[in-house]
Amino acid sequence: MLKRALLHLLKNAPPIGPAPKWQARLSSGPQFTEGPVLTKPPKTPSGLNIPIERRDFIHGSGLLGLGLGLESRALSSTEGVLHPPTYPPSLTGLRGSHPGSFEAAHAFARGGLALANPKQDVDHFDAVIVGAGISGLAAAHYYRQQFGNDKRILILDNHDDFGGHAKRNEFHQGGRLHLAIGGTHNLEYWQFSHTVNELMGLLGVDIKSLRAQSEFNYGRTGRHAHSIWFDRQTYGRDQLIKGCSLKGPPSASPLPYLDQFPISAAARQELKQFYEAKTDCLADMTADARSDFLHGTSYFHFLRDKGGLGKEALQLFARSCHGSWGLETACLSVAEALGEGLPGLNLVGESADESDWSYPAAFFPDGNASIARLLVAHLIPKITDQADATTIATAPFDYQYLDQPGHPVRIRLLSTVTDVRHTDQSVSTTYIADGKPRQVRSTHVIMACYHSVIPYICPELPERQKQAQAYQIKYPLMLTNVLIRSRQPFDLLGIDGTTCPGRMHAGLFLMNGINTGGYRHHLTEPGATVVAFWGSLSPPSTAVDLRSQLRASRQRMLDLSFEDYEIEVREVLNGLLGNHGFDADRDILAITVNRWPHGYSHEYLDLWDDDYPAGQAPHEIARARYGQIAFANSDAGASAYTHTAIEEAFRAVTSLASST
Ligand SMILES: Cc1cc2nc3c(=O)[nH]c(=O)nc-3n(C[C@H](O)[C@H](O)[C@H](O)COP(=O)(O)OP(=O)(O)OC[C@H]3O[C@@H](n4cnc5c(N)ncnc54)[C@H](O)[C@@H]3O)c2cc1C
């Protein structure tokens, strides 16, 4: 996640603090300018089915070639609870919110799921944790630290893998393991608190050595660090313009390249005047008025009214923040958009520095999935005999140990929690596994799932707390990883990534150069490589306010089939690389679509949220301990980061300790 790097440039703008607006200005916010229409090509173009079969073959044989043989190992069934029949990280197709992970929750929330007579689990646990993301796993660690290593903990998650957004994608091809990031990427270490640093120390994560071993920089490592790819369906012709960016440092300004943009002459002229301007259109304002303007004005209105851009020029920027925010750019204020690196500082008397674009990165090759794996190895040592931070990326994990009777920590996957409530002596948790309701009792429950689902699950919570939890609507995100046969076409073009203002995924980059955790894939290594397509999904133009946009975008993401995503990546790769020896039929080896309808936590936005006194912001009300139930997850910190997920786990466990 790459975000808000340039906020300090807005000298007169105060930091964007939490500013929730409860009953939000949902109808009085800015009108959205629709991005380019997403055209859905005809189904089943020629050759589409052939590579899928070949990919499956390559995929399976690669595993055997590595000697892992994990595909064939069906995981055990524990007390009637089914576990995934395969090794989940190596599954391709629709991942993230994969089929089978969300249907029970949706059916339950819509009242269509019978939960009568749940089967009672024989075990009583000290803590049940709902959600096996980073926050739930960290909560298990803190719980043991707080209450003792002998405490019995059950972690329930609706997915077939642990980690939540910390999702590991594996591809096996030609006897080689290719790792990719399916969700959370970067350790934003400069924001780490003492608590987070301490946990990283315990897990052996050394940021300095991660940084020293990594060459990855979101595809900005080719001969041409910046480029824009205009596609035929949206702009009339396929055209890669190298050397410039719509959201980049001064040296990548599009100004010298505008004549090449496949848009109308009028739109080019508007952009030319906009980029050439050097003025301060707010010069007459007091500091307060200036700040109000920057934080209270929609960026798109600013581009239109102060920058002179019409609809055609505006649409170029519509999806620029899909990856970094999971939002349409039209949702952002001027301050947020300029802070993000979008153009316009030149209209408010400011200028950016080249160095503002150097973004510190500390990566494992599967992103923060390695943090999840380190946590699991710490909680359940038997799962791997090799895992420390220097080997975690390639350490084999034996999933049969996740849920073993007799072990103090158990992780039960494919288990959707539907009801949590206090009983006489304990808390009872009902969950659905294999289509059937089951019930387990514990002294404590920690809800480490996203907050908007909690009001459905915890009926006894005060209404105010439920409303606060429902306020947290996450931003949808997609990370589609495509294994291609060779990186040579990228080398011929001189790029390691590009942005695609007209396409479903707003950007793509080669996922290589992360040589950490015992894994090596050097930046320029020839041969097969993973291309990561990154972005969100634009909502239909009928959704005009933030929340209806987020809901519509989420639904759209779930409605698309794997084939829709496959068609999209084939078209993009053929259009971008087709003249340089790439042929999707031959060269795409595997596709893993990580869709995250519930992606980034809601961070308070200038245009959509209000100021709240300390302690009264929705996330603060939402996370208050209720009896023996505590609330973790990055939602509890209203901040979409791995370190927030950890901090909130710590806070949640500490709140339970104060209640005993
Ligand atoms: C694509 C993407 C990229 C990101 N990039 C970064 C990054 O680079 N750096 C960074 O710091 N952060 C990043 N993030 C933010 C990320 O959300 C956090 O870093 C962190 O992973 C959140 O962890 P969590 O445990 O709070 O939530 P989650 O990972 O969402 O875990 C919660 C778990 O609870 C499960 N759950 C929900 N309801 C139920 C139920 N009823 N029963 C059982 N289980 C349930 C969920 O399915 C999920 O598995 C990214 C997020 C996404 C989606």
Side-chain angles (χ1 to χ4, degrees), residues 1-3 96-98 101-102 104-106 108-109 128-140 154-167 181-189 191-192 196 218 322-326 359 361-364 367-369 371-372 375 411-420 429-433 445-454 456-458 472 474-481 532-536 594-603 631-637 639-649 652:
M1 178 151 66
L2 199 151
K3 200 152 111 181
S97 277
H98 59 78
S101 65
F102 57 89
H106 287 185
F108 171 69
V128 164
I129 297 176
V130 182
I134 299 261
S135 202
L137 297 171
L154 175 66
I155 306 177
L156 298 167
D157 197 283
N158 56 320
H159 288 103
D160 61 13
D161 203 353
F162 58 80
H165 294 158
K167 175 74 82 187
I181 299 173
T184 164
H185 292 209
N186 192 17
L187 286 169
E188 315 233 335
Y189 59 89
Q191 302 192 61
F192 284 5
V196 178
Y218 288 98
H322 269 193
S324 49
W325 288 76
Y359 191 72
F363 280 97
F364 284 98
N368 294 336
I371 302 297
L375 279 166
I411 300 177
R412 191 163 295 165
L413 300 170
L414 293 174
S415 299
T416 301
V417 173
T418 53
D419 191 86
V420 174
T429 298
T430 306
Y431 62 99
I432 300 169
V445 168
I446 300 169
M447 303 295 291
C449 54
Y450 41 84
H451 281 198
S452 61
V453 75
I454 297 176
Y456 296 100
I457 298 176
C458 299
Q472 250 290 11
K474 296 221 188 217
Y475 307 162
L477 284 160
M478 293 184 304
L479 249 171
T480 301
N481 289 314
F533 286 71
W534 193 18
S536 185
N594 299 280
R595 43 177 198 180
W596 297 109
H598 302 276
Y600 290 149
S601 290
H602 177 72
E603 298 187 12
F631 301 91
N633 194 279
S634 55
D635 283 1
S639 164
Y641 293 100
T642 288
H643 55 266
T644 308
I646 293 169
E647 277 157 7
E648 292 305 318

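Quick caveat: nothing in here was measured; it's all calculated off a predicted structure. Both counts, for ligands and for their atoms, begin at 1 and track the order of listing.
- Taking only non-hydrogen atoms, the option from Val417, Thr184, Ile457 nearest to atom 14 (N) of ligand 1 is Thr184.
- Ligand 1 lies nowhere less than 4.0 angstrom from a heavy atom belonging to Ala105.
- Partner of Leu187 under the side-chain contact (heavy atoms from CB on, under 4.5 Å) criterion, out of Tyr641, Phe363, Phe192: Phe192 alone.
- Under the 3.5 Å distance criterion, the side-chain polar atoms of His451 are left unmatched by any main-chain donor or acceptor of Asn633.
- Residue-to-ligand polar distances place His159 within reach of ligand 1: an N/O pair is separated by less than 3.5 Å.
- Remark: ligand 1 atoms within the under-4.0 Å shell around heavy atoms of Ala448 are 32 (C).
- Ligand 1 has at least one atom lying under 4.0 Å from a heavy atom of Ser415.
- Taking distance alone, with nitrogen or oxygen atoms compared against 3.5 Å, Asn633 approaches ligand 1 more closely than that limit.
- Considering each of Ala361, Gly326, Ser634, Pro476, the one bringing a non-hydrogen atom nearest atom 22 (C) of ligand 1 is Ser634.
- Less than 6.0 angstrom separates the ring centroid of Tyr218 from the ring centroid of His185.
- Contact of the Asp160 side chain with the His98 side chain is registered, since non-hydrogen atoms from C-beta on lie closer than 4.5 Å.
- In terms of polar-atom proximity, Thr642 is counted as a contact of ligand 1, with an N or O under 3.5 Å from an N or O of the ligand.
- The main-chain N or O of His643 is never found under 3.5 Å from a side-chain atom of Glu188 such that the two would form a donor-acceptor pair.
- Checked by atom type, the side-chain pair Asp161/His159 shows no donor-acceptor distance below 3.5 Å.
- Asn594 is listed as a side-chain neighbour of Asn481, based on a closest heavy-atom distance under 4.5 Å.
- Checked against a 3.5 angstrom limit, the closest N/O atoms of Ala132 and ligand 1 fall outside it.
- Of all atoms in ligand 1, numbered sequentially from 1 with element shown, those under 4.0 Å from a heavy atom of Cys449 are 34 (O), 36 (N), 37 (C), 38 (N), 39 (C), 45 (C).
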